[in-house]
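Accompanying notes for the structure given below.
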Amino acid sequence: MSIVVSNITKRYGTQLALDNVSFSIKPGEIVGLLGPNGAGKSTLMKIITCFIPPTSGDVTVYGHDIREESLEIRKKVGYLPENNPLYTEMYIRESLEFIAGLHNLGDNKTKRINEIMQLTGLDSERKKKIGALSKGYKQRVGLAMALVHDPEVLILDEPTSGLDPNQLVEIRNLIVEIGKQKTVILSTHIMQEVEAVCNRAIIINKGKIVADDSPKNLLHYLGNTDRVLAGFDRDVDIKLLRQIKGVRQVTNVEPLTWMFESEKDQDVRQEIFKFAVEHKLTVLSMQKEESTLENVFQKLTM
């Protein structure tokens, strides 16, 4: 295993940020670390990268313990924190040379910087200072700085936050390319990002892991239920709606709009329409809701 997290707990005074968290990650996996704000994602990343110690529990990265061998772990980990720390007065290559020097790359420094600038698409902007770059290119510089020492593990905390749609696609594609050779942990609360990039997702809520599976398998956490959202032109007694054939549960989600739940693969739209005709209702809208990771996320974190 590249990363093994065992019974990690972290307290900030009386606040419990992480509560007995355990998981392991194999080399080459791209793992999405999901959760609402304040769930403990950033705290967990800071522990794995040796920025802060846990209150209790253990973490190893390629066999190295975070307490006893933190310097060895830092050699193997590249970390891009949520607030991308850049030297904005430096030119791109200048900043990469500085970081490469900190990692003692020696004679390999120039070759490695050239490789990383090509990989991250920074060649076209090489004559600019970092402060003059767009948000997307600044994220690329942050990635380049995290990768310049060729780490075996890459940890990214909200790497696409604030990017426009085109920049989102570019950075996601870059992460997928990097993930072919490295272990990647990607913190996000954007479900589309997980579907586009990750082959595994760990959902954290209130410091605990509530799900750990592939994005596809996570859809099964919704259970054997189909949902239809329907709107009528006037109010209806919810007791009557519950009598519609095949409907298991009805929820009034907003004025004149109801969510109908039924058994999996039992389409109740025709029965809802028949009910509307019988009660002289006009159907203003009707849509079968597809199961999504967003539904799973809401179910597990609300």
Do the side chains of [X] and [Y] get close enough for a salt bridge, i.e. N-O under 4.0 angstrom?
| X | Y | answer |
| --- | --- | --- |
| Glu72 | Lys76 | no |
| Arg269 | Asp267 | yes |
| Asp213 | Arg200 | no |
| Asp19 | Lys10 | no |
| Arg140 | Glu170 | yes |
| Glu29 | Lys26 | no |

Testing the basics here: between [X] and [Y], what is the closest heavy-atom pair and its distance to 0.1 Å?
| X | Y | value |
| --- | --- | --- |
| Val184 | Gly179 | CG2-CA, 3.9 Å |
| Tyr87 | Ile130 | O-CD1, 3.5 Å |
| Cys198 | Val31 | SG-C, 4.1 Å |
| Ile73 | Ile48 | CG2-O, 3.8 Å |
| Pro27 | Thr183 | CA-OG1, 3.2 Å |
| Leu163 | Gln167 | CA-OE1, 3.5 Å |

Any side-chain to backbone donor/acceptor pair from [X] onto [Y]? Under 3.5 Å, distance only.
| X | Y | answer |
| --- | --- | --- |
| Thr55 | Arg11 | yes |
| Gln139 | Pro159 | yes |
| Lys41 | Gly35 | yes |
| Thr251 | Val253 | no |

- Message: Tell me whether the rings of Phe260 and Phe232 are parallel (<30°), tilted (30 to 60°) or perpendicular (>60°).
- Response: perpendicular
- Task: Kindly assign one of parallel, tilted or perpendicular to the pair His149 and His103, based on the angle between their ring planes and the thresholds 30° and 60°.
- Result: parallel
In Å, rounded to the nearest 0.5 Å, how long is the span from [atom1] of [X] to [atom2] of [Y]?
| X | Y | atom1 | atom2 | value |
| --- | --- | --- | --- | --- |
| Leu186 | Ile155 | CG | CD1 | 11.0 Å |
| Ile244 | Gln270 | CD1 | CD | 12.5 Å |
| Asp233 | Leu256 | CG | CG | 8.0 Å |
| Leu154 | Ile30 | CG | CD1 | 9.5 Å |
| Ile66 | Thr49 | CD1 | OG1 | 9.5 Å |
| Met1 | Ile25 | CE | CD1 | 9.5 Å |

Applying a strict under-4.5 Å side-chain criterion to I, L, V, M, F, W and Y, I'd like to know whether [X] and [Y] cluster together.
| X | Y | value |
| --- | --- | --- |
| Tyr221 | Ile209 | no |
| Val247 | Met286 | yes |
| Leu44 | Leu34 | no |
| Leu300 | Val21 | no |
| Ile238 | Leu284 | no |

With a 4.5 Å heavy-atom cut-off, do [X] and [Y] have their side chains touching?
| X | Y | value |
| --- | --- | --- |
| Glu82 | Ser42 | yes |
| Leu168 | Gln192 | no |
| Ile204 | Leu33 | yes |
| Val4 | Phe23 | no |
| Pro36 | Asn205 | yes |
| Leu18 | Pro54 | no |
| Leu119 | Ile178 | yes |
| Met191 | Phe297 | yes |

Say whether [X] and [Y], considering side chains only, have a donor N or O and an acceptor N or O under 3.5 Å apart.
| X | Y | value |
| --- | --- | --- |
| Asp123 | Gln118 | no |
| Glu193 | Thr160 | yes |
| Asn20 | Thr9 | no |
| His64 | Glu69 | yes |
| Ser187 | Asp157 | yes |

- Item | Test side chain to side chain contact (heavy atoms under 4.5 Å, CB included) applied to Ile190 and Val194, step by step | CA-CA 7 Å; Ile190 303 171; Val194 177; over 6 Å; no
- Go through the steps for Arg112 and Asp150 under the test side chain to side chain contact (heavy atoms under 4.5 Å, CB included), then give the verdict. CA-CA 8 Å; Arg112 181 59 186 163; Asp150 198 17; 3.5 Å; yes
Does [atom1] belonging to [X] count more than 12 external heavy atoms closer than 6.0 Å?
| X | atom1 | result |
| --- | --- | --- |
| Lys288 | NZ | yes |
| Glu294 | CD | no |
| Gln181 | CD | no |

Residue of the set [options] for which side chain to side chain contact (heavy atoms under 4.5 Å, CB included) holds with [X]:
| X | options | answer |
| --- | --- | --- |
| Leu143 | Leu122, Leu80, Ile116 | Leu80 |
| Met145 | Leu96, Asn84, Ile92 | Leu96 |
| Val148 | Thr120, Leu102, Ile99 | Ile99 |

- Message: Show, in sequence, the C-alpha distance, side-chain angles and deciding distance for Glu97 and Arg93, and conclude whether the salt bridge (charged side-chain N to carboxylate O under 4.0 Å, His left out) test is met.
- Response: CA-CA 6 Å; Glu97 287 175 347; Arg93 189 176 194 90; 3.7 Å; yes
- Please report the C-alpha distance between Arg74 and Tyr79 in whole Å, then the side-chain angles of each, then the deciding distance to 0.1 Å, and finally whether the side chain to side chain contact (heavy atoms under 4.5 Å, CB included) criterion is met. CA-CA 9 Å; Arg74 290 166 200 254; Tyr79 178 41; over 6 Å; no
- Task: Cation-pi check, Lys135 to Tyr137: give yes when NZ or CZ is under 6.0 Å from the six-membered ring centre and within 45° of the ring axis, no otherwise.
- Result: no
- Message: Is there a side chain to side chain donor-acceptor pair (under 3.5 Å) between Gln266 and Asp226? Walk through the geometry before answering.
- Response: CA-CA 7 Å; Gln266 184 173 353; Asp226 276 346; over 6 Å; no
- Query: Does the salt bridge (charged side-chain N to carboxylate O under 4.0 Å, His left out) test come out yes or no for Glu89 and Lys129, once each step is laid out?
  - Reply: CA-CA 6 Å; Glu89 75 284 358; Lys129 287 189 175 183; over 6 Å; no
